[in-house]
There are 2 protein chains.
Amino acid sequence: MDKKSNHPAPKCGIDYAFQRIGGKYKGRILWRLRNGTMRYGELRRTVTGVTSKMLTQALRELEDDCLIVRQVYIEVPPRVEYTLTDTGKELLPFLQLLRDWAKHQMQINDILAMP
Amino acid sequence: MDKKSNHPAPKCGIDYAFQRIGGKYKGRILWRLRNGTMRYGELRRTVTGVTSKMLTQALRELEDDCLIVRQVYIEVPPRVEYTLTDTGKELLPFLQLLRDWAKHQMQINDILAMP
DNA sequence: CTGTATCCAAGCGGATACTG
DNA sequence: CAGTATCCGCTTGGATACAG
């Protein structure tokens with residue numbers, strides 16, 4: 001009943017996509033998962049600045065959107081692993097290109113910022 | 001005039017990129033400009049749902065980030081045209097990929113939503 | 001036509017404490 | 001370890017009015 005209706009009406013493809021990966025941490029989470037499975041704690045440590053609340057929220061939304069899979073192991077201590085779905089993996093080339101573009105721009109900015 | 005305060009410290013490339021194109025309308029604005037110059041009113045009409053306030057704000061930030069160019073023509077009635085910079089054009093292939101991915105996903109969702 | 005200015009509601013996101 | 005719960009400030013963004 002508390003199911004979020006947070007995708008009211010995507011008007012176009014670009015909109016649809018940004019609703020799914022445009023959050024503050026979602027892109028970085030997906031990028032972290034590019035090499036395979038990661039645990040909750042690993043993500044919290046490597047996605048710098050994220051709090052458990054925001055991480056959980058982002059992971060839930062990514063799961064609802066079928067971009068990642070949540071696997072729970074019933075053991076002590078508890079273990080939860082996250083993995084990209086096939087759909088999620090399809091986003092990796094895009095993220096790769098985006099990151100390359102960003103790194104290039106950041107270099108230019110660094111040069112321009114030199115005194 | 002504290003315009004630049006919203007880019008505190010991009011920690012990684014993905015973050016940097018989303019700060020620049022991750023707003024609610026920025027992706028769609030850039031995409032609208034893919035075929036060339038557009039006027040303010042054209043953008044307001046075609047980027048559905050945007051208000052003049054948000055459109056102006058997004059355009060200013062994109063201009064500050066050197067992704068678009070704002071050209072003002074001193075005439076009556078006034079005319080202002082926006083165009084992608086070379087840096088902005090470099091984003092088009094990524095937006096294209098993203099939109100293709102999104103359209104594909106939207107089709108799947110439509111099929112799944114069928115009664 | 002191309003914006004500004006102002007008000008205001010919603011929700012994002014951070015800090016902290018707590019649970020199974 | 002992997003989360004929930006709660007509080008709350010700040011930003012985002014919508015509506016409306018108005019200006020050059």
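Chain letters run A, B, ... following the sequence lines, proteins first, then strands; residues in each count from 1.
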From [options], pick the nucleotide closest to the side chain of [X]?
X       : options              : value
A:Pro78 : D:dG3, D:dA2, C:dG3  : D:dA2
A:Arg60 : D:dA15, C:dG3, D:dG3 : D:dG3
A:Val80 : D:dT4, C:dG3, D:dA2  : D:dA2

Between [atom2] on [N] and [atom1] on [X], what's the gap in Å once rounded to a whole number?
X       : N      : atom1 : atom2 : result
B:Ile74 : D:dG20 : CD1   : C1'   : 11 Å
B:Leu43 : C:dG3  : CG    : P     : 10 Å
A:Tyr73 : D:dC1  : OH    : P     : 17 Å
A:Glu63 : D:dG3  : CD    : C1'   : 13 Å
A:Lys24 : D:dT12 : NZ    : C1'   : 13 Å
A:Gln57 : D:dA2  : CD    : C1'   : 16 Å
B:Leu55 : C:dG3  : CG    : P     : 8 Å
A:Phe18 : D:dT12 : CZ    : C1'   : 17 Å

Contact nearer the 5' end of DNA chain C, comparing B:Arg39 with B:Lys53 =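 Residue closer to the 5' terminus by nearest nucleotide: B:Arg39.
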Give the ring-plane orientation class for A:Trp101 versus B:Tyr16, where under 30° counts as parallel, over 60° as perpendicular and anything between as tilted.
->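 Tilted.
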Do A:Leu95 and A:Met106 share a hydrophobic cluster, counting only Ile, Leu, Val, Met, Phe, Trp and Tyr and linking them when any side-chain heavy atoms are less than 4.5 Å apart?
->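 As far as the 4.5 Å side-chain criterion goes, A:Met106 and A:Leu95 are connected within one cluster.
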What bend angle does the helix from C:dC1-D:dG20 to C:dG20-D:dC1 show across its length, from five-pair end axes and to the nearest 10 degrees?
->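 The end axes of the helix from C:dC1-D:dG20 to C:dG20-D:dC1 are about 50° apart, to the nearest 10°.
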Side-chain N,O ([X]) to OP1/OP2 ([N]) below 4.0 Å:
X       : N      : value
A:Tyr40 : D:dT4  : no
B:Tyr25 : D:dT12 : no
B:Arg70 : C:dG3  : yes
B:Tyr82 : C:dT2  : no

For B:Cys66, does its backbone N or O pair with a side-chain atom of B:Thr85 as donor and acceptor, under 3.5 Å?
->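 It does hold such a pair.
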Side-chain donor/acceptor of A:Thr83 to backbone N/O of A:Val69, under 3.5 Å =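 Flag not set: sc A:Thr83 to bb A:Val69 has no pair under 3.5 Å.
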Is B:Arg28 close enough and on-axis enough to B:Trp31, meaning under 6.0 Å and within 45°, for cation-pi?
->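 Pair B:Arg28/B:Trp31 does not count as cation-pi.
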Is the NZ or CZ atom of A:Arg44 positioned over A:Tyr40's six-membered ring, under 6.0 angstrom from the centre and within 45° of the axis?
->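 Judged by the rule (NZ or CZ under 6.0 Å from the ring centre, within 45° of its axis), A:Arg44 is not positioned above A:Tyr40.
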Going by modelled atom types, is there a donor-acceptor pair between the base of C:dT4 and the side chain of B:Ser52 at under 3.5 Å?
->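 Side chain to base: pair present.
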Intermediate values then yes/no, side chain to side chain contact (heavy atoms under 4.5 Å, CB included), A:Glu81 and A:Met38 = CA-CA 5 Å; A:Glu81 292 183 345; A:Met38 289 190 78; over 6 Å; no
